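These notes are about the structure you will find just below.
Given the structure is predicted, the values throughout are model-derived calculations rather than measurements.
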Amino acid sequence: MCNLMVNFKISLDESTVLLSSNDEALSSSDPANGAIKNQVFFASRSDNICLMEEEKPWVLISEVGGDHGYLEELADIVKQRFRIICHKELLENPELHGPKIQALLNWKYCPVVEPALLGLLPSLKVVASGGVGIDHLDVPFINSLGVKVANTPGVVSDSTADLAMALLLASARRILEGHQVAIDPKTVHIPQRLMGVEVTNATLGIIGMGEIGCKIAQRAKGFDMKVLYHNRRRRSAEDEHAVGAAFCQSLDELLGCSDFVMIAVKLTPETRGLIGQRELSIMKPTATLINISRGQVVDQDALVEALRSGRIRAAALDVTHPEPLPRDHPLLGLHNVLITPHIGINTFTTARQMVERMVRNAAAAVEGSPVPDEVKLQ
């Protein structure tokens, strides 16, 4: 019956609430509409499914608010389809709550999906992770428990590519240093030492030409940059033409020719430690290394040495290992390093789209339907 209703009215005591298919609520005092006491219905924006609160499947999340939790508006998206239980609540009474949980939403790596946690969730059907990378999940082990894994490909590409270009520009033009000079109370003259490097007509080398790599190349065209790329498999001629990129057969060729080296690969056993002392030594001394991938892709000790010695000009990093770095880590004390705290996806639009996709994937798994973004290892 619920699937046939677009608008329906319920009454709580003397007031009536109209819930519509676009999730807007209107109040009414007309008792003639009938009353359904002590029941709350929710209409899904996407498919007009209405569920009583007690009928909603249970989902485990990290927390609402806090350092690792969901913003209230993001938690509200989850609540449309699921009954939320936070990690702390689960641990306080795992025997009561654990068997009821059918889905786990992994947001910014939390809660940590480890065997001890999975052992508390005998009814779990899916781990729905936000983002593209799955290096934080032991997918074969999770699948061995009969649990599916899903991610959110595509959703994060634009915001991550935007940040990649922001890091490139900020490092090239020494934006952070300029800001510090501008706000320093001791500043009475603008120093001439704040000279940056040109971005327009420079060569950008992209390591990893997936969807994010292609988005970065598209943006680089706007600065008339020459774009090179290295990938496991060469993209089609049509793809190359669309983003104006030229293929480098070897990584060394790309490193030696690029003014800016952008790392946009997934973390895999093959890419772990991909950029080390040898690779850094091939780069131009005027080159900048930008990493939006994972911290483990770069040998950070080798990077510190290359930056200290002037082997390369600068580095701009949205990712490190670990995150955050220890407060005494040498990278934090170098003037030619710009570090942001893994904020590639941190826009309201992207976060909302990610959570919506996570919820859709989780709901499909719970219902026994095909999971749109299921991760299937080859």
Can a donor-acceptor pair be found between the side chains of [X] and [Y] at a distance below 3.5 Å?
{"X": "Arg313", "Y": "Thr286", "answer": "no"}
{"X": "Asn361", "Y": "Asp373", "answer": "yes"}
{"X": "Lys108", "Y": "Asn346", "answer": "yes"}
{"X": "Ser159", "Y": "Asp162", "answer": "no"}
{"X": "Ser129", "Y": "His136", "answer": "yes"}

Surrounding [atom1] of [X] (heavy atoms of other residues, nucleotides or ligands, distance under 6.0 Å), is the total greater than 12?
{"X": "Lys266", "atom1": "NZ", "answer": "no"}
{"X": "Lys284", "atom1": "NZ", "answer": "yes"}
{"X": "Gln277", "atom1": "CD", "answer": "no"}
{"X": "Glu238", "atom1": "CD", "answer": "no"}

Residues Glu305 and Arg311 bridged, charged N to O under 4.0 Å: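 The answer is no: the pair does not qualify as a salt bridge.
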Going by an N to O cut-off under 4.0 Å, is there a salt bridge joining Asp158 and Arg219?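 Looking at Asp158 and Arg219, the cut-off is met.
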Among Val155, Ile77, Leu71, which one satisfies side chain to side chain contact (heavy atoms under 4.5 Å, CB included) with Val355?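 Answer to the side chain to side chain contact (heavy atoms under 4.5 Å, CB included) test with Val355 among Val155, Ile77, Leu71: Ile77.
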Side-chain donor/acceptor of [X] to backbone N/O of [Y], under 3.5 Å:
{"X": "Ser236", "Y": "Asp239", "answer": "yes"}
{"X": "Arg357", "Y": "Pro153", "answer": "yes"}
{"X": "Asn231", "Y": "Met209", "answer": "yes"}
{"X": "Asn143", "Y": "Gly146", "answer": "no"}
{"X": "Ser258", "Y": "Val261", "answer": "no"}

Minimum heavy-atom distance Val371-Ala365, with the two atoms named: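 Nearest pair, atom of Val371 first, then Ala365: CG2-CB, 3.7 Å.
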Closest non-hydrogen atom pair, Arg174 against Leu194: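 Closest approach of Arg174 to Leu194: NH1-CA, 3.9 Å.
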Min side-chain heavy-atom separation Leu204-Phe223 under 4.5 Å: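 The answer is no, as the side chains (C-beta and beyond) never meet within the 4.5 Å cut-off.
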Aromatic centroids of Trp58 and His97 separated by under 6.0 Å: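 Distance test on ring centres: under 6.0 Å, yes.
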So, taking the atom named CG in Asp259 and the one named CE in Met225, what distance separates them when rounded to the nearest 0.5 Å?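 Asp259 atom CG to Met225 atom CE measures 7.0 Å (nearest 0.5 Å).
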Please report the interatomic distance CE(Met262) to CG(Leu254), rounded to the nearest 0.5 Å.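 Rounded to the nearest 0.5 Å, the CE-CG separation comes to 11.5 Å.
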Run the side-chain contact (heavy atoms from CB on, under 4.5 Å) test on Arg173 and Leu169 for me, step by step, so that the C-alpha distance in whole Å, both residues' side-chain angles and the decisive distance to 0.1 Å come before the verdict. CA-CA 6 Å; Arg173 299 306 302 269; Leu169 291 165; 5.6 Å; no
